[in-house]
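Note that the structure is predicted; figures quoted are calculated from it, not measured.
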Amino acid sequence: MKRETLIWLVVLGLATIWLVVRASSGQMALQYVQPQAIGETGATHNDFTAGTAVYSPSRTAGVWVAALLTLFIMSFLYKDNPLYKLAEAVIVGVSAAYWMVVSFWTVLVPNLFGKLWPDAIHDWAMPGLSPVRDKDWYWYLVPLFLGGMLLWRLSPKGGWIARWPLAFIIGTTAGLRLVHFLQADFLSQIQAGVEPVLVLDGSVSDNFWASFRASLVFLATLAALTYFFFSIEHKGIVGRVSRVGIWVLMITFGAAFGYTVMGRIALLAIRFEFLFDNWLWLIDQGQTRLTV
């Protein structure tokens, strides 16, 4: 056995023993709820001391499952292992099943079945849906037919049939996204780049900083565009401006990358807070710990 593997086994063994002792003493992961007329709500320390909070085995089991899956995912930092693959499969499977159910009840039922058979859907699933069929209801047969063609993807010999609706979906989505991008991003960036660089509609201090920001955006945009202007050799003043454009691009890419990393670090911090607070009870971030 490798020395590294032996060290990890010892660490995991000690951690398992510590978790068993701590869990058997009732000092971690216990969840209490406040019974209500409809469902349950989370309990507070006052509910527990007043004797109205009750222990919830289902929520306690949920905390354990979430904690173990988090640790399984983090085990990939050591190396690829069966526990990581198990957690990955569970997350992917549950996510796919969840979005399938959500799409069925929020897209297919109201927007397709509810248009073709409104009276049946009204009586069966959605009483708030109008039972009157639209006069142009036959147009909804087109997405129904395309959806049926997509199911041919499951057949070994019918894959070519599914390519037609798939191509229609990809082409339509690309066209709609292109129009949305042009309106929301491209044109707005052009508008921001042609704002007046001299602002004179406020106090002296406000006008100065507003003019400074507008001038900075204008000059940075001009420098970045000069870097991509290849019809003139980048020498002299054009070369110096293009080098400023490189700085503008690097600052932009760095800020975007840093923003993405900060988002991932925030997610990691939330998982650590869950492990140390809700599961291990080593901290009490919200000062709501319910202890026996």
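- Within a 6.0 Å sphere centred on CH2 of Trp152, other residues, nucleotides and ligands contribute 12 heavy atoms or fewer.
- The number of heavy-atom neighbours closer than 6.0 Å to CZ of Phe274, taken from other residues, nucleotides and ligands shown, is above 12.
- Rounding to the nearest 0.5 angstrom, the gap separating the CG atom in Leu151 from the CD1 atom in Ile161 is 11.0 Å.
- Across every non-hydrogen atom of Arg271 and Ala66, the tightest pair is NH2-O, 4.0 Å.
- At least one side-chain heavy atom of Met28 sits less than 4.5 Å from a side-chain heavy atom of Trp64.
- In plain terms, the two heavy atoms of Leu30 and Trp281 that are nearest each other are O-CZ2, 3.3 Å.
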Open item on the list: Could you walk me through whether Lys85 and Asp80 satisfy the side chain to side chain contact (heavy atoms under 4.5 Å, CB included) test, starting with their C-alpha distance in whole Å, then the side-chain angles of each, then the deciding distance to 0.1 Å, before giving a yes or no?
Closed with: CA-CA 8 Å; Lys85 293 180 179 179; Asp80 195 4; 3.4 Å; yes

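- Nearest heavy atom pair, residue Val248 against residue Ala224, reads CG1-CB, 4.5 Å.
- Residues Leu222 and Leu225 do not share a hydrophobic cluster, clusters being chains of Ile/Leu/Val/Met/Phe/Trp/Tyr side chains in contact below 4.5 Å.
- Hydrophobic clustering keeps Val11 apart from Ile17 (ILVMFWY residues linked when any side-chain heavy atoms are closer than 4.5 Å, directly or through intermediates).
- Between Ala29 and Thr60, the shortest heavy-atom distance links the atoms O-CG2, 3.3 Å.
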Run the side-chain donor-acceptor check on residues 104-132: report pairs under 3.5 Å with partners two or more places apart or on a different chain.
residue: Thr106; atom: OG1; partner: Val102; partner atom: O; Å: 2.5
residue: His122; atom: NE2; partner: Pro127; partner atom: O; Å: 2.9
residue: Ser130; atom: OG; partner: Val132; partner atom: N; Å: 3.4

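- At a threshold of 4.5 Å between side-chain heavy atoms, the hydrophobic network of Ile, Leu, Val, Met, Phe, Trp and Tyr places Val90 and Leu68 in one connected group.
- Remark: Trp279 CH2 to Gln31 CD distance equals 13.5 Å, nearest 0.5 Å.
- No side-chain donor-acceptor contact under 3.5 Å links Asp134 to the backbone of Asp136.
- Residue Phe145 places its CZ atom among 12 or fewer non-hydrogen atoms of other residues, nucleotides or ligands, all under 6.0 Å distant.
- What you find for Thr226 and Ser242 is that their closest heavy atoms are CG2-N, 4.2 Å.
- With rounding to the nearest 0.5 angstrom, the CG atom of Leu9 is 11.0 Å from the CG atom of Leu14.
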TODO: Using the side chain to side chain contact (heavy atoms under 4.5 Å, CB included) rule, take Ile91 and Phe72 through it: C-alpha gap first, then chi angles, then the decisive distance, then the call.
DONE: CA-CA 11 Å; Ile91 293 174; Phe72 290 170; over 6 Å; no

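- Using a 30° and 60° split on the angle between ring planes, Phe230 and Tyr227 fall in the perpendicular class, above 60°.
- Side-chain contact between Thr260 and Arg264: present, with at least one pair of heavy atoms (C-beta onward) separated by less than 4.5 Å.
- Clustering ILVMFWY residues whenever any of their side-chain heavy atoms sit less than 4.5 angstrom apart, transitively, puts Trp18 in the very cluster that holds Leu71.
- No continuous path of ILVMFWY side-chain contacts below 4.5 Å connects Tyr84 to Leu86, so the two sit in separate hydrophobic clusters.
- Heavy atoms of other residues, nucleotides or ligands lying less than 6.0 angstrom from CG of Leu77 number more than 12.
- Within a 6.0 Å radius of OH in Tyr78, other residues, nucleotides and ligands contribute more than 12 heavy atoms.
- Counting heavy atoms of neighbouring residues, nucleotides and ligands inside a 6.0 Å radius, atom CZ of Phe168 does not exceed 12 of them.
- At most 12 heavy atoms of other shown residues, nucleotides or ligands fall within 6.0 angstrom of atom CH2 in Trp209.
- Within 6.0 Å of atom CE in Met250, more than 12 heavy atoms from other residues, nucleotides or ligands are found, so the atom counts as buried in its surroundings.
- With rounding to the nearest 0.5 angstrom, the CG atom of Leu83 is 5.5 Å from the OG atom of Ser75.
- Taking OG1 of Thr173 as the reference point, atom CD1 of Ile170 lies at 8.0 Å (rounded to 0.5 Å).
- Summarising the geometry, atom CD belonging to Gln183 is positioned 10.0 Å from atom CG belonging to Leu178; distances are rounded to the nearest 0.5 Å.
- Residue pairs meeting the salt bridge (charged side-chain N to carboxylate O under 4.0 Å, His left out) criterion with at least one member in residues 154-180: none, sequence neighbours excluded.
- When all heavy atoms are compared, the tightest approach of Leu282 to Arg22 is CD2-NH2, 3.8 Å.
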